[in-house]
Amino acid sequence: MNNDQFIAAFKKALAGLDKSSQKDIVQEIKSHAAESGDPLFERFGSPEDLARQYLDGEKIAVPLGEKIWGISKKLFIGIGMAAVALAIVVSIIVWWWTRDPFNYADESAEELGVNKAAWQSFAWSDDLHLDVERASVVIYWHDELLVRSNCKIQDPPKVEGAKVSITRGKCLVYLPKVVTQITAEQAEIVLVRPQVSLDMEIKQTELRVAANGERYRYIIDGSRTKIDDLPSHEDAALELRIKSSETRISAYSY
Amino acid sequence: MENSTTYQKWLAQSRKGYLELCVLLVLRQKKSSYGLEVLQTLERAGLSINEGTLYPLLNRMFKNGWLTSQWVTPSDGGHPRRHYELSEEGLVLLPQMIDTYKNNQESLEILKELK
């Protein structure tokens, strides 16, 4: 290693020092080389070792590029963490806001028995056609020959012959165990442990079934219908025959 | 082998302060001097020190504020030299350092004779 190479490597190894110190130090070593006439490598050993002696205990200036990179890295990590935290908070808020306030599959829930005055009842012994349009309806079955409903709705359920219509509202409905047909459009329906076989014709509707341990045979004739997690049992006593379009059918989960 | 390494460390530690004191003494005597001249003076006094130790030492003493430095071009031409002088702080410290070394030496003598 000649003196020029030594100085070049020495300068590089001193890069962490402030410019003014670097300049004085390098100049002093050059001056020594010129005056003594000795090869620098012979007198000082490796340029890196010599630089280490100078840097020992010094505050090392971080190069500007590294500084910017360091700040950027911290900034990105900070922004990333803030974004993740924000996403978590938003998710929790959305989940809280959109979650079901009540477990409709719980057939013995206290909410289904209280406020009896709000329930409407119609005596029923024939076949039944329930028509749901632009409404959210949770349907239970009971042993009485009554159609009972509890609705948050402007117009109460309408009865015309064998047909009960529910439009634009939210209802809990108890049906008698009679032959039943359900039609629906733009509706949300939860069937809680159906006790009779059903014929359904539904369109643009979200249908969820809370089987509550009961087994069903599903016969679905669907167009543009998404079916999730709905096991059909060929040997089941009850049949749910569903003709659907633009509909999603799934198991109810709370 | 390990003892030899720890001894080398001890030697380096105890030598560092001692060399600083010696450099201060040289500069008090010469008023102003540069690296190579300080090195030669120390060697003449029997202190063997290599360049790789002296120059960083001078730089550290300068940074500590014990020395001042300026670039001086020799009257007969040649490369500019970095001349060092004792700063005011260095002038104040030097007698204290000498006293400390004297006291240490005396203590050592007493301890050596301890019965």
Side-chain angles (χ1 to χ4, degrees), chain A residues 1-68 70-71, chain B residues 5 8-9 11-20 23 26-27 30 32-44 47-85 87:
Chain A
M1 180 182 269
N2 64 31
N3 283 357
D4 289 342
Q5 289 168 328
F6 183 98
I7 291 295
F10 184 51
K11 274 183 184 172
K12 196 176 167 190
L14 285 177
L17 278 182
D18 63 278
K19 294 286 174 198
S20 161
S21 297
Q22 272 185 52
K23 194 178 162 194
D24 281 342
I25 290 166
V26 171
Q27 192 58 41
E28 188 172 34
I29 299 299
K30 277 183 179 174
S31 170
H32 176 91
E35 193 150 350
S36 70
D38 297 327
L40 287 171
F41 191 79
E42 259 179 39
R43 303 305 306 169
F44 290 95
S46 85
E48 289 78 17
D49 284 347
L50 180 59
R52 207 167 294 127
Q53 296 249 35
Y54 277 102
L55 294 171
D56 186 27
E58 284 286 340
K59 274 189 177 174
I60 306 301
V62 180
L64 187 61
E66 274 181 37
K67 253 186 202 170
I68 292 171
I71 292 169
Chain B
T5 310
Q8 292 299 333
K9 277 185 188 169
L11 200 61
Q13 280 171 356
S14 65
R15 199 171 144 81
K16 190 182 145 202
Y18 183 66
L19 283 174
E20 284 170 345
V23 168
V26 169
L27 291 175
K30 292 194 172 288
S32 175
S33 186
Y34 58 99
L36 187 57
E37 191 177 52
V38 172
L39 185 80
Q40 288 163 347
T41 308
L42 291 172
E43 278 175 350
R44 277 201 298 277
L47 263 177
S48 169
I49 177 171
N50 65 42
E51 292 91 330
T53 302
L54 179 68
Y55 283 102
L57 185 83
L58 285 168
N59 187 62
R60 197 156 45 238
M61 292 170 74
F62 168 72
K63 287 270 174 87
N64 286 348
W66 300 350
L67 307 180
T68 58
S69 85
Q70 57 184 334
W71 288 94
V72 176
T73 306
S75 51
D76 57 351
H79 281 268
R81 294 163 174 161
R82 190 179 187 185
H83 271 250
Y84 295 94
E85 291 177 20
S87 67

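We name chains A, B, ... by the order of the sequence lines, and we start the count at 1 in each one.
- With a 4.5 angstrom heavy-atom cutoff, Leu40(A) does not touch chain B via any of its atoms.
- With a 4.5 Å cut-off on non-hydrogen atoms, Asp49(A) does not touch chain B at all.
- Minimum interatomic distance between Gln53(A) and Pro56(B) (heavy atoms only, all atoms of both residues): CB-CG, 3.6 Å.
- Looking at residues two or more places apart in sequence or on another chain, you find a side-chain hydrogen bond (donor to acceptor under 3.5 Å, both in side chains) between Asn50(B) and Thr53(B).
- Counting heavy atoms from C-beta on, the side chains of Trp66(B) and Val23(B) never come closer than 4.5 Å.
- For chain A, the nearby part of Tyr34(B) is the side chain; its heavy atoms alone come within less than 4.5 Å.
- When each of Gly52(B), Ser69(B), Pro80(B) is scored by its heavy-atom pairs under 4.5 Å with chain A, the top score falls to Gly52(B).
- Every salt bridge (Lys or Arg N to Asp or Glu O under 4.0 Å) that Glu28(A) has, sequence neighbours left out, goes to Arg82(B).
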